[in-house]
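Everything below concerns the one structure shown next.
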Amino acid sequence: MGGAAGGSSPACCTARGCGSGAGGAGDLPGRALPRALGAGARGGAQPWGARGVQQQQQPPFPLDAGVPRDVVLFQHDRGRFFRIVGLFCTGQFLFWAYLAHFAFHTLRDTGATRPQPDPQPGGRPLPTLPGGASLNLGSSKWRLGFTASCLTVGSLILVAGFVFSRRSISRILLHRGGQEVTLTTYYPFGLTSTFTVPLRHISCMSHRSEVPAMIPLKVKGRAFYFLLDKEGRITNPKLFDITVGAYRKL
């Protein structure tokens, strides 16, 4: 019996030892799980969200203007409007030119500088300025001054309409490779013309979100700003912002 008991004790110990060993082996996955997760995190695994969904980092927008083909960045058809602008400016110039011609050839010297006989009873006296000076609209000073003023007003209206048409952009085309840009602008009466410049020679003076109506563009070597009407369509806003819509020191 003692031998059996003594024999059973090692067996029990062995069994307990085996049990504890089995228990240790059974506890290994639970103990090793945090270590495995920590090792995985240290190994560069992606973090997980609160609901067990793996969070993926979004790649930043590639600021690359090297487009593989020609891209239209902006387009706005205003041919009818500029036809009206051309007719208006031409009509105004003709009106003021006719008025200048009329003033130069029709205004006559009233003779206020020559001695005048006593006015007849009931006659109308000559107009006078404050201080008693006679107003002689036919004198050379008044006639030439009025003629020059009419010609100046008509010319300014015509030039303003022409410059506004030439600086209004109808279309912007970014060429393949992103190094050159073609701008299409208007003439009076709705005609258009195009010219190509390097992209580095174009600078946007204000962001498109900061201006209410017109986006000003500066082109190196050309006077005045080019204007983009915000009613036009920007086909690719992100590409526009990093190419034509970017500010550059010219």
Side-chain angles (χ1 to χ4, degrees), residues 63 65-67 70-100 145 147-250:
L63 299 179
V67 293
D70 295 351
V71 178
V72 176
L73 295 179
F74 173 84
Q75 190 165 6
H76 192 199
D77 186 9
R78 303 181 71 191
R80 181 174 180 272
F81 171 78
F82 284 102
R83 283 193 291 271
I84 296 175
V85 169
L87 292 174
F88 171 79
C89 293
T90 302
Q92 286 291 309
F93 178 76
L94 293 177
F95 168 76
W96 288 101
Y98 171 77
L99 195 59
T147 301
S149 299
C150 293
L151 290 176
T152 301
V153 172
S155 300
L156 287 176
I157 294 175
L158 186 64
V159 171
F162 180 81
V163 172
F164 177 69
S165 301
R166 295 296 297 136
R167 291 300 179 264
S168 297
I169 295 180
S170 170
R171 192 178 73 156
I172 298 178
L173 178 67
L174 180 66
H175 287 277
R176 178 180 179 181
Q179 299 300 319
E180 290 185 340
V181 177
T182 295
L183 304 179
T184 301
T185 60
Y186 285 101
Y187 276 107
F189 302 103
L191 303 177
T192 60
S193 67
T194 61
F195 64 96
T196 302
V197 295
L199 179 61
R200 65 180 182 275
H201 289 177
I202 298 179
S203 175
C204 184
M205 308 309 295
S206 298
H207 192 267
R208 56 189 173 88
S209 62
E210 299 176 353
V211 292
M214 295 287 183
I215 304 174
L217 294 182
K218 179 64 178 176
V219 178
K220 186 176 181 179
R222 296 178 182 264
F224 305 111
Y225 289 142
F226 288 83
L227 302 176
L228 277 71
D229 195 330
K230 292 188 69 173
E231 293 184 358
R233 185 170 63 94
I234 298 177
T235 57
N236 193 329
K238 291 184 178 180
L239 185 59
F240 177 87
D241 289 340
I242 64 175
T243 54
V244 176
Y247 173 80
R248 298 176 180 85
K249 188 175 181 180
L250 301 179

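Counting from 1, the numbers follow the sequence of the chain as shown.
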Supply the atom-to-atom distance [X] [atom1] to [Y] [atom2], rounded to the nearest 0.5 angstrom.
{"X": "E231", "Y": "M214", "atom1": "CD", "atom2": "CE", "answer": "8.0 Å"}
{"X": "R167", "Y": "L227", "atom1": "CZ", "atom2": "CG", "answer": "9.5 Å"}
{"X": "L183", "Y": "T196", "atom1": "CG", "atom2": "OG1", "answer": "8.0 Å"}
{"X": "H175", "Y": "E180", "atom1": "NE2", "atom2": "CD", "answer": "6.0 Å"}

Where do [X] and [Y] come nearest, in terms of heavy atoms and distance?
{"X": "P188", "Y": "G161", "result": "CG-O, 4.5 Å"}
{"X": "V85", "Y": "S165", "result": "CG1-OG, 4.2 Å"}
{"X": "R78", "Y": "D229", "result": "NH1-OD2, 3.3 Å"}
{"X": "P216", "Y": "V211", "result": "CD-CG1, 4.2 Å"}
{"X": "R222", "Y": "K218", "result": "O-NZ, 3.1 Å"}

Practice item. May I ask you to decide if T184's main-chain N or O and T192's side chain share a donor-acceptor pair within less than 3.5 Å? Key: no
Check your understanding: Is R171 reaching over with its side chain to a backbone N or O of T182, donor-acceptor style, under 3.5 angstrom?
Key -> no
Check your understanding: Going by the side chain to side chain donor-acceptor pair (under 3.5 Å) test, which pairs reach into residues 203-215, not counting sequence neighbours?
Key -> H207-S209, R208-D241
**Study point:** Results of ring-ring contact (aromatic ring centres under 6.0 Å, His included) for F82 - residues two or more places apart only
**Key:** F164, Y186
Point to revise | Under the ring-ring contact (aromatic ring centres under 6.0 Å, His included) test, residues paired with F224 that sit two or more places apart | key: none
Would you say [X] has more than 12 foreign heavy atoms packed within less than 6.0 Å of its [atom1]?
{"X": "K230", "atom1": "NZ", "value": "yes"}
{"X": "F189", "atom1": "CZ", "value": "yes"}
{"X": "Y98", "atom1": "OH", "value": "no"}
{"X": "R176", "atom1": "CZ", "value": "no"}

**Study point:** F162 vs C89, side chain to side chain contact (heavy atoms under 4.5 Å, CB included): CA-CA, chis, key distance, verdict
**Key:** CA-CA 8 Å; F162 180 81; C89 293; over 6 Å; no
Review point. Name the one of L250, T243, V197, I172 that satisfies side chain to side chain contact (heavy atoms under 4.5 Å, CB included) with I202?
Key: V197
Review point. Between F195 and F226, is the ring centre distance below 6.0 Å?
Key: yes
